[in-house]
Amino acid sequence: MENSMDRFAGRLFGSTVSYIRRFLFRVLSVGPIPNHIAFILDGNRRYAKKWNLGEGMGHRAGFLALMSIMKYCYELGVKYVTIYAFSIDNFKRRPEEVQYVMDMMLEKIEGLLKEESIVNQYGVRVYFVGNLKLLNENVRMAAEKAMKAASNNSRSVILICVAYTSTDEIVHAAQESCEEKWTEIQSLTDARNCEIIEEKREGSNVIKLADIERHMYMGVAPDPDILVRTSGETRLSNFLLWQTSNCLLYSPRALWPEIGLRHLVWAVLNFQRIYPYLEKRRKNI
Ligand SMILES: CC(C)=CCC/C(C)=C/CC/C(C)=C/COP(=O)(O)OP(=O)(O)O
């Protein structure tokens, strides 16, 4: 009897909170809603320390916080969510920690494919972004499987940056652009069509901004409107350096596992306040 009363009270509380959240989102939607929010998940280990938990528990709490924030973003109408899940530099951490995070990632990526997962609930397309060759084979294969399984989803998008740094992304895009241009020139030379080659020399042999952007790992998404870095840090730590020139930076003091609805609402209100300025900058006027 007591148990069923508890369950009833729990459900009642849950649906009231969800009702209030939806009401709040309706009010926020009177103003512009960001299309893309990126997150630097900072402070998982500090959270574990603060609560005397094992270090791995901090990352697990971080994953739960990620699930909530993704849900809030998609309910609010934010189409793209990007997360900095693991940088290339993070591979330099203690081998046991790297192994723990990789094992957890594998488990969580496999979980994303389940029927009841957030991916299926919100029709989320999944992209793993970064130098995936640096991942161990199990994680890489699971990532590729998840991307394939969700490839028909289009309502929302999650971009999970793993084995990622911005400088690596830029170098990779520059190399790909050079290779593409080189192949193009070679094919013209092979055809021995000197006239065409001369014509091409006039300018189209030059690598343009659009070439580089086409080869960016993040090229599948528009630039973020808001970048959130938790735990009060105001550094970008080699994340989305190319994509954040006209983007609101928000740095709440909360550690990543403590991030909640109030932080999202505050970030969106700040975005709405500077929206006219951001739009002007984007249109270059
Ligand atoms: C499949 C999937 C989406 C998984 C994501 C899993 C997840 C939560 C990864 C975070 C890993 C990480 C290195 C966080 C940074 O906190 P930190 O260790 O730098 O904490 P600190 O700043 O307190 O040292």
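In this text, all values refer to a predicted model and were calculated from it rather than measured experimentally. In listed order, ligands and their atoms are each counted from 1.
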Connected hydrophobic set around F13, excluding itself, where side chains approach under 4.5 Å: V17
Could you list, one pair per line, each nitrogen or oxygen of ligand 1 together with any protein nitrogen or oxygen closer than 3.5 Å, giving atom names and the distance rounded to 0.1 Å?
from: ligand 1; atom 1: 16 (O); to: L41; atom 2: O; distance (Å): 3.3
from: ligand 1; atom 1: 18 (O); to: R45; atom 2: NE; distance (Å): 3.3
from: ligand 1; atom 1: 18 (O); to: R93; atom 2: NH1; distance (Å): 2.8
from: ligand 1; atom 1: 19 (O); to: R93; atom 2: NH2; distance (Å): 2.8
from: ligand 1; atom 1: 20 (O); to: G43; atom 2: N; distance (Å): 3.4
from: ligand 1; atom 1: 20 (O); to: N44; atom 2: N; distance (Å): 3.1
from: ligand 1; atom 1: 20 (O); to: R45; atom 2: N; distance (Å): 3.1
from: ligand 1; atom 1: 22 (O); to: D42; atom 2: OD1; distance (Å): 2.7
from: ligand 1; atom 1: 22 (O); to: G43; atom 2: N; distance (Å): 3.3
from: ligand 1; atom 1: 22 (O); to: R46; atom 2: NH2; distance (Å): 2.8
from: ligand 1; atom 1: 23 (O); to: R45; atom 2: N; distance (Å): 3.2
from: ligand 1; atom 1: 23 (O); to: R46; atom 2: N; distance (Å): 2.8
from: ligand 1; atom 1: 23 (O); to: R46; atom 2: NE; distance (Å): 3.1
from: ligand 1; atom 1: 24 (O); to: R45; atom 2: NE; distance (Å): 2.8
from: ligand 1; atom 1: 24 (O); to: R45; atom 2: NH2; distance (Å): 3.0

Let me see the working for E137 and R140 under side chain to side chain contact (heavy atoms under 4.5 Å, CB included), right down to the final yes or no. CA-CA 5 Å; E137 202 184 336; R140 192 175 56 250; 3.6 Å; yes
Mind checking who shares a hydrophobic cluster with V27, ILVMFWY linked at side-chain heavy-atom distances under 4.5 Å? F23
Going by atom types only, do E97 and H59 share a side-chain donor-acceptor pair under 3.5 Å? yes
Flag side-chain contact, heavy atom, 4.5 Å: T230 against L41: no
So the ring-ring contact (aromatic ring centres under 6.0 Å, His included) pairs with at least one residue in residues 66-86 (sequence neighbours excluded) are H36-Y80, Y84-Y164, Y84-F239, F86-F91
